[in-house]
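Written out below as structure tokens is the structure these notes cover.
We count ligands from 1, going down the list as the structure has it; atoms in each ligand are counted the same way. Count residues from 1 along the sequence.
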Amino acid sequence: MPAPLHILQHTYGYPSFRGLQEDVINHVIGGGNAFVLMPTGGGKSLCYQIPALCREGVGIVVSPLIALMQDQVTALRQLGIKAAALNSTTPAAEGHAIKERMRAGEIDLVYVAPERLVTNEFLGVLAQTPLALFAIDEAHCISQWGHDFRPEYMQLGTLGEKFPGVPRLALTATADAPTRRDIIARLGLEDGKAFVAGFDRPNITYTIVEKENPLAQVMAFIKQNHAGDSGIVYCLSRKKVEETAVSLTAQGVPALPYHAGLSAEVRAANQNTFLREEGVIMVATIAFGMGIDKPNVRFVAHLDLPKNIEAYYQETGRAGRDGLPANAWMAYGLQDVAQQRNFIESADAPDAQKRIERQKLNALLGLCEATRCRRQVMLEYFGDGCQPCGNCDTCYTPPVTFDGSVAAQKALSCVHRTGERFGVGYLTDVLMGVSDERIERFGHDKQSTFGIGAAYNKKQWQGIFRQLVSLGLLQVDTENHGGLHITEQGRAFLRTKEPLALREPQARKSKAPRRTPSSIAPVDAGLFEALRAKRLELARAQGVPPYVIFHDKTLHGMAAEKPTTLAQMAEISGVGEAKLERYGLAFLEVIENASTLP
Ligand code: ADP
Ligand code: ZN
């Protein structure tokens with residue numbers, strides 16, 4: 001039997017295992033069942049691919065999306081591994097041939113959709129196939145708690161009875177505890193071992209800015225940090241997706257829209273361009289992202305607030321799968337809070353569920369208004385933790401706080417005295433003592449709260465009101481033109497007058513994050529671009545995404561080491577034997593040409 005490390009080094013071209021990989025692999029090779037929780041980019045695929053290669057027989061991988069399967073199979077074939085996918089798009093003759101090879105044990109890995117796996121026909125094929133293992137990828141799809149629930153996944157629970165002795169592993173990056181417990185119960189993995197890595201994505205820099213002019217802000221963020229990079233911009237509505245894509249493109253940043261209102265063809269075409277070309281930005285609703293395996297998404301930007309921390313973590317987690325530095329950037333404002341609160345209240349859900357959703361939204365707002373390390377806040381939410389990370393906006397530029405008790409009291413009494421029906425703009429004018437015809441008409445210029453807030457400017461009052469809404473002391477009536485009213489909690493605050501620390505508005509300068517210290521600028525930018533061009537050319541010729549040929553990280557390695565022989569090339573991380581043979585000379589030539597240029 002080949003040793004796992006030998007396969008890692010020779011087939012994949014990686015020098016060593018990461019984190020829990022080796023433990024999982026040895027456990028499964030020994031015949032054990034496993035539950036594997038690793039963050040995105042943690043290297044889950046190797047946890048089942050290498051045991052499948054080491055053990056006798058065929059490894060069966062259950063995967064929820066055709067695009068995902070196809071990508072994995074393409075990548076495996078590039079490594080010289082015998083892999084195939086069986087799904088609704090597989091031509092009958094090819095499907096037949098794959099099943100023949102399965103029975104003969106002549107294939108290493110077969111990817112199937114759950115619907116296909118549980119058919120009697122396919123179970124019959126499996127009964128005649130020597131089996132190495134079952135891997136259930138994206139296993140949160142089996143859980144009623146996961147957002148991607150797929151009823152077909154439920155039937156996978158019987159695999160253990162049908163194929164005793166064949167190890168089963170479930171893999172997921174989903175962080176919440178109920179989902180985890182549910183996966184283990186439904187797949188009958190209680191007798192197996194759970195491998196749980198931390199949730200941290202150290203290569204992602206988190207930044208949350210106050211929303212002013214989101215289009216201009218996101219444009220500045222991209223220009224400053226991500227010229228030529230690929231990324232995802234999330235918006236809540238289809239209309240905003242369209243507008244944002246048009247606006248970015250008009251300003252010279254190639255962007256495509258993706259939302260459920262577009263035809264299946266347009267969506268597929270846009271996704272394909274995003275995956276196969278370099279430097280394309282996808283502007284999308286959350287309909288986009290599941291199963292997107294593109295490793296070099298360099299940033300995820302949110303122009304609207306997601307619904308909770310789990311969603312934020314999952315969506316931002318699509319950045320930097322390759323481990324290179326990546327940015328998660330979000331613009332957030334009062335309207336977002338109002339909108340998300342309104343979604344919850346107007347939904348047709350039982351009270352108990354609404355209560356949970358309110359709590360989850362509050363936790364997310366806590367993250368947005370955090371005055372300490374954002375990574376800490378997020379990891380603590382998942383029951384994990386860390387030291388201040390030094391790689392988020394609040395670590396780079398610690399926010400200034402002030403005692404906001406008096407300001408909050410003034411704001412709340414102004415809301416009260418004006419009848420709990422006006423919006424932030426009006427209330428701010430009253431507080432600052434700026435009269436206009438409307439304020440005079442209502443007689444609010446004669447009231448005791450008129451002009452009591454002159455110590456703060458407009459922007460500061462906006463920040464104060466936003467935080468009071470985030471903290472749940474005030475609520476926005478979206479039905480009633482954004483009028484604010486005082487909540488129970490707000491009234492309690494007025495009675496007890498407890499101290500309240502608030503955040504100063506962000507300085508305008510910190511609108512966009514600087515490049516992180518571990519900047520991804522390659523050692524030799526010119527050579528890196530030349531290598532990237534060669535990669536794109538080779539990828540286009542085969543009709544595959546560029547990253548299945550080599551990852552950016554591998555190209556960075558080449559640009560830094562400048563190998564001149566195949567033996568030196570083989571030392572670069574990510575250059576395995578099959579790729580060395582196929583592409584080694586082509587890339588050596590690029591390096592040589594670059595070095596002979598004047
Ligand atoms: P996940 O499925 O957990 O999101 P992947 O399995 O796609 O992660 O792995 C993420 C990236 O890290 C892939 O590009 C993979 O090739 C790479 N990788 C995985 N394990 C290692 C390793 N031991 N050394 C170097 N790179 C690795
Ligand atoms: Zn931090």
Original post:
Could Lys534 and Phe587 be counted as a cation-pi pair, given that NZ or CZ must be under 6.0 Å from the ring centre and within 45° of the axis?
Top reply: no
Original post:
What atoms of ligand 1 come within less than 4.0 Å of a heavy atom belonging to Thr40?
Top reply: 4 (O)
**OP:** Can you spot which of Trp329, Phe221, Tyr234 makes a ring-ring contact (aromatic ring centres under 6.0 Å, His included) with Phe299?
**Re:** Phe221
**OP:** With heavy atoms of Arg321 as the reference, note each atom of ligand 1 found under 4.0 Å away.
**Re:** 1 (P), 2 (O), 4 (O), 7 (O), 10 (C), 11 (C)
Original post:
Is Gly42 near ligand 1, meaning one of its heavy atoms is under 4.0 Å from it?
Top reply: yes
Subject >> Candidate with minimal heavy-atom separation from atom 25 (C) of ligand 1, of Tyr48, Tyr14, Tyr12, Tyr547 >> reply: Tyr14
**OP:** Using a cut-off of 6.0 Å, state whether more than 12 heavy atoms not belonging to Leu536 lie near its atom CG.
**Re:** yes
Original post:
Are any of the heavy atoms in Pro39 under 4.0 Å away from ligand 1?
Top reply: yes
Subject >> Neighbour count >12 (heavy atoms, 6.0 Å) for atom CD, Glu581 >> reply: no
**OP:** Please check if the distance between the ring centroids of His27 and Phe195 is under 6.0 Å.
**Re:** yes
**OP:** Decide whether the shortest distance between a heavy atom of Gln21 and an atom of ligand 1 is less than 4.0 Å.
**Re:** yes
Original post:
Phe17 heavy atoms, cut-off 4.0 Å: which ligand 1 atoms fall inside?
Top reply: 23 (N)
Original post:
Going by heavy atoms, is Ser16 under 4.0 Å from ligand 1?
Top reply: yes
**OP:** Report yes or no: does Asp322 have a heavy atom closer than 4.0 Å to ligand 1?
**Re:** no
